[in-house]
A.B. asks: 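Questions regarding the structure given below will be posed in turn.
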Amino acid sequence: MPQEPAPLTRYLRIRQDRGFTVLEFRGEIDIAASVEIIPLLDRATTGAGPRVVLDLSGVEFFDCSGLRLLYRARSRVHDRDGQLHLVCTHPLTLRVLRVTGLARLLPPAPTLDAALGQPEATSGQV
């Protein structure tokens, strides 16, 4: 059963769902937000075989600081032989993901259910 999200910061809530740690990003993800998010992201991607979902559904603005967070999460999960999935539907954020090539490394899904229905270990595909 999904656990209710716990408000950690105004930019991020973390909860457990189906054996995955779901990081729900919210609001404007910029350099100020990333300073608050990095320690929580690192904690969620520590250990052997982390299973993580980055959910950008609640994001209104996403700059290069947000991209660095996604790359950081991908690298940490990949190095620990884990699974990483991405949820994103915002057209401008999707465009940035495609232009930078991150969409190939971390294919975005439209919903959490769709993300968890994807083949495992999408973070390891290059």
Side-chain angles (χ1 to χ4, degrees):
M1 174 178 259
Q3 184 179 355
E4 271 303 304
L8 294 172
T9 76
R10 61 184 164 171
Y11 305 110
L12 183 68
R13 288 191 289 178
I14 299 177
R15 64 186 178 93
Q16 297 296 314
D17 191 337
R18 292 172 263 184
F20 282 81
T21 301
V22 180
L23 283 75
E24 297 176 344
F25 290 71
R26 305 181 295 171
E28 297 185 4
I29 306 303
D30 55 15
I31 194 156
S34 69
V35 168
E36 287 186 32
I37 292 171
I38 284 174
L40 301 168
L41 177 81
D42 287 354
R43 189 176 315 140
T45 57
T46 297
R51 296 166 40 105
V52 178
V53 176
L54 305 175
D55 186 345
L56 305 183
S57 300
V59 171
E60 299 161 7
F61 174 81
F62 195 81
D63 71 5
C64 61
S65 299
L67 285 174
R68 282 193 293 277
L69 290 171
L70 298 185
Y71 275 108
R72 181 184 189 98
R74 184 190 177 279
S75 175
R76 291 176 58 83
V77 170
H78 180 63
D79 290 348
R80 292 163 176 80
D81 295 321
Q83 296 177 44
L84 181 65
H85 300 283
L86 177 65
V87 176
C88 182
T89 57
H90 192 281
L92 292 176
T93 303
L94 288 170
R95 183 168 186 240
V96 169
L97 294 174
R98 281 192 295 273
V99 167
T100 60
L102 188 55
R104 287 190 311 273
L105 300 175
L106 190 55
T111 65
L112 180 62
D113 288 335
L116 295 181
Q118 290 180 352
E120 293 190 0
T122 57
S123 63
Q125 298 174 356
V126 180

A.B. asks: Which is it for T45 and R72 under the side chain to side chain contact (heavy atoms under 4.5 Å, CB included) test, yes or no, and what are the steps along the way?
C.D. replies: CA-CA 9 Å; T45 57; R72 181 184 189 98; over 6 Å; no

A.B. asks: Minimum heavy-atom separation for P110 to A114, with atom names?
C.D. replies: CD-CB, 3.9 Å

A.B. asks: Side-chain contact test, heavy atoms from C-beta onward, threshold under 4.5 Å: evaluate it for V87 versus E24 and give yes or no.
C.D. replies: no

A.B. asks: Evaluate side chain to side chain contact (heavy atoms under 4.5 Å, CB included) for I37 paired with I29, printing each intermediate quantity in order.
C.D. replies: CA-CA 9 Å; I37 292 171; I29 306 303; 4.0 Å; yes

A.B. asks: Would V77 end up clustered with I38 when hydrophobic side chains under 4.5 Å apart are linked, directly or stepwise?
C.D. replies: yes

A.B. asks: Can you tell me if R95 has over 12 outside heavy atoms packed within less than 6.0 Å of its CZ?
C.D. replies: no

A.B. asks: Within the 4.5 Å heavy-atom criterion, are D79 and R76 side-chain neighbours or not?
C.D. replies: no

A.B. asks: Got a second to check how far E60's CD is from R26's CZ, nearest 0.5 Å?
C.D. replies: 10.5 Å

A.B. asks: Find the distance between CG (L67) and OG (S34) and round it off to the nearest 0.5 Å.
C.D. replies: 11.5 Å

A.B. asks: Using side-chain contact (heavy atoms from CB on, under 4.5 Å) as the criterion, point out the one residue from L56, L54, L106 that pairs with C88.
C.D. replies: L56

A.B. asks: If you look at every heavy atom in T21 and Q16, which pair is closest and at what distance?
C.D. replies: OG1-NE2, 3.0 Å

A.B. asks: Can a donor-acceptor pair be found between the side chains of R68 and S65 at a distance below 3.5 Å?
C.D. replies: yes

A.B. asks: For P50 and R80, which heavy atoms make the closest approach, and how far apart are they?
C.D. replies: CD-CB, 3.6 Å

A.B. asks: Looking at V53, D55, L97, which hits side-chain contact (heavy atoms from CB on, under 4.5 Å) with L86?
C.D. replies: L97

A.B. asks: Side chain of T46, backbone of D42: donor and acceptor closer than 3.5 Å?
C.D. replies: yes

A.B. asks: For the hydrophobic clusters of this structure (ILVMFWY residues joined by side-chain heavy atoms under 4.5 Å, transitively), does one cluster hold both L69 and L92?
C.D. replies: no

A.B. asks: How far apart are the closest heavy atoms of R51 and G19, and which atoms are they?
C.D. replies: NE-O, 3.1 Å

A.B. asks: If two hydrophobic side chains count as joined below 4.5 Å and joins carry through other members, does L41 share a cluster with Y71?
C.D. replies: yes

A.B. asks: Looking at residues at least two apart in the chain, or sitting in another chain, which of them share a salt bridge (Lys or Arg N to Asp or Glu O under 4.0 Å) with D63?
C.D. replies: none

A.B. asks: Once ring pair (Phe, Tyr, Trp, His ring centres under 6.0 Å) is applied, what residue pairs with a partner in residues 20-41 remain, sequence neighbours excluded?
C.D. replies: F20-H85

A.B. asks: If you look at every heavy atom in D17 and L116, which pair is closest and at what distance?
C.D. replies: O-CD1, 4.3 Å

A.B. asks: If you look at every heavy atom in V52 and A44, which pair is closest and at what distance?
C.D. replies: CG2-O, 3.6 Å

A.B. asks: So if you build clusters from Ile, Leu, Val, Met, Phe, Trp, Tyr with side-chain heavy-atom gaps below 4.5 Å, do F61 and L94 land together?
C.D. replies: no

A.B. asks: Compare all side-chain heavy atoms of V59 with those of H90 and state whether any distance is below 4.5 angstrom.
C.D. replies: no

